[in-house]
Amino acid sequence: MTTGSFGVPTAVRGSSTAVAARATDLSKVYGEGETQVVALDAVSVDFHRAEFTAIMGPSGSGKSTLMHCMAGLDTVSGGSARIGDVELTGLNDKNLTRLRRDKIGFIFQAFNLLPTLTALENITLPMDIAGRKPDRQWLDMVVETVGLSGRLKHRPNQLSGGQQQRVAVARALAGRPEIMFADEPTGNLDSRSGAEVLGFLRESVRQLGQTVVMVTHDPVAASYAHRVVFLADGRIVDDMREPTADAVLDRMKRFDAKGRTS
Ligand SMILES: Nc1ncnc2c1ncn2[C@@H]1O[C@H](COP(=O)(O)OP(=O)(O)O)[C@@H](O)[C@H]1O
Ligand SMILES: [Mg+2]
């Protein structure tokens with residue numbers, strides 16, 4: 001068995017015994033009566049450890065909802081959502097907050113950096129708030145992998161969009177989460193900065209053994225992942241391994257204008 005640079009067994013990837021997060025018959029219904037929307041309709045999916053998974057599908061297909069339910073940012077209507085061995089639906093607010101803080105990293109389309117703090121201060125902010133000491137060695141590795149070593153004293157407005165999003169990725173990674181969720185992380189970036197961020201996300205999986213789940217509507221972004229899960233109308237309709245941009249684009253073309261799968 002080969003191992004990655006930090007002792008993460010490469011063979012673990014894709015093994016069913018190494019599930020970082022699991023949805024089982026997960027449902028989410030918004031509203032009631034006539035305004036009711038079934039955003040997720042009994043979704044079952046595993047996200048494997050040390051793997052980079054992309055989630056794709058037409059607008060309104062439930063991608064963000066799935067991510068929010070898996071990350072404990074939204075309640076579920078039915079079924080189960082697990083991070084590692086922890087069932088989210090059974091947790092009270094306090095434990096859910098703790099789990100989010102300790103086990104989950106988020107990256108959003110908007111970088112959400114604090115403008116008055118330096119890059120480094122932004123990266124360590126969640127840990128500072130939690131009163132936790134950063135693991136110095138890990139932090140150095142993250143900063144180096146993300147290519148920000150020379151930028152740590154800069155404030156967000158002194159950094160390019162791509163650099164700012166890399167700071168946000170480093171912030172999500174700093175606490176060494178079980179899993180990172182990214183919702184359209186390159187949506188605000190030009191293609192070159194987007195490529196930087198995607199390359200880094202992939203490095204964090206390959207070099208640091210992280211687990212990444214990323215929503216995107218861009219076939220090129222999806223081609224950085226090991227696997228693409230396709231959603232339509234709140235259901236999983238396809239699951240592709242080792243995606244290429246062309247294969248993803250072809251699959252996306254089979255969704256009709258209403259977002260249904262054909
Ligand atoms: N807070 C909400 N209240 C009511 N409906 C919502 C809410 N959030 C999402 N929805 C609906 O749920 C469906 C899935 O939304 P979403 O997960 O945001 O889709 P996607 O991220 O794939 O574009 C859509 O029909 C959307 O309008
Ligand atoms: Mg969305």
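Nothing here was measured: the structure is a model prediction, and the numbers come from that model. Note that the numbering runs from 1 along the sequence shown for the chain. Just follow the structure's listing: the first ligand is 1, and inside any ligand the first atom is 1.
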Backbone N or O of Leu114 within a donor-acceptor pair of the Asn122 side chain at under 3.5 Å?
-> yes

Are the side chain of Asp135 and the backbone N or O of Gln137 linked by a donor-acceptor pair below 3.5 Å?
-> yes

For Ser59, take its heavy atoms, then give the atoms of ligand 1 lying under 4.0 Å from any of them.
-> 23 (O)

Do other residues, nucleotides or ligands put more than 12 heavy atoms under 6.0 Å from the NE2 atom of His154?
-> yes

Does any N, O or S atom of Ser64, backbone or side chain, fall under 2.8 Å from the Mg ion (ligand 2)?
-> yes

Return yes or no for this condition: an N or O of Gly60 is under 3.5 Å from an N or O of ligand 1.
-> yes

Of all the non-hydrogen atoms in the protein, which one sits nearest to atom 12 (O) of ligand 1, and at what distance?
-> Ala39 CB, 3.4 Å

Non-hydrogen atoms of Gly234 versus ligand 1: any pair closer than 4.0 Å?
-> no

Side chain or backbone of Thr65 under 4.0 Å from ligand 1, or both, or neither, by non-hydrogen atoms?
-> both

Near Gln36 CD, under 6.0 Å, is it more than 12 heavy atoms from other residues, nucleotides or ligands?
-> yes

Specify whether the nearest protein heavy atom to atom 27 (O) of ligand 1 is under 4.0 angstrom away.
-> no

Do Asp74 and Tyr30 have side-chain atoms, one donor and one acceptor, less than 3.5 Å apart?
-> yes

Do other residues, nucleotides or ligands put more than 12 heavy atoms under 6.0 Å from Arg101 CZ?
-> yes

What do you reckon, does Gly62 put a non-hydrogen atom under 4.0 Å from ligand 1?
-> yes

Would Arg136 and Asp140 satisfy salt bridge (charged side-chain N to carboxylate O under 4.0 Å, His left out), going step by step from the backbone distance to the final call?
-> CA-CA 6 Å; Arg136 198 69 232 182; Asp140 288 347; 3.6 Å; yes

Could you pull out, from Thr35, Val37, Val38, the option with a heavy atom nearest to atom 25 (O) of ligand 1?
-> Val37

Heavy atoms from other residues, nucleotides or ligands near CG of Asn92 exceed 12 (cutoff 6.0 Å) | yes

Provide, to 0.1 Å, the distance between atom 18 (O) of ligand 1 and the closest protein heavy atom, together with that atom's residue and name.
-> Ser64 CB, 3.8 Å

What are the atoms of ligand 1, with element, lying closer than 4.0 Å to any heavy atom of Pro58?
-> 22 (O)

Identify, for atom 9 (C) of ligand 1, the protein heavy atom at the shortest distance, and state residue, atom and that distance.
-> Tyr30 CE1, 3.4 Å

Give a yes/no verdict on whether any heavy atom in Gly31 is under 4.0 Å from an atom of ligand 1.
-> no

Name the orientation class of the two ring planes belonging to Phe47 and Phe181 (parallel below 30°, tilted from 30 to 60°, perpendicular beyond 60°).
-> perpendicular

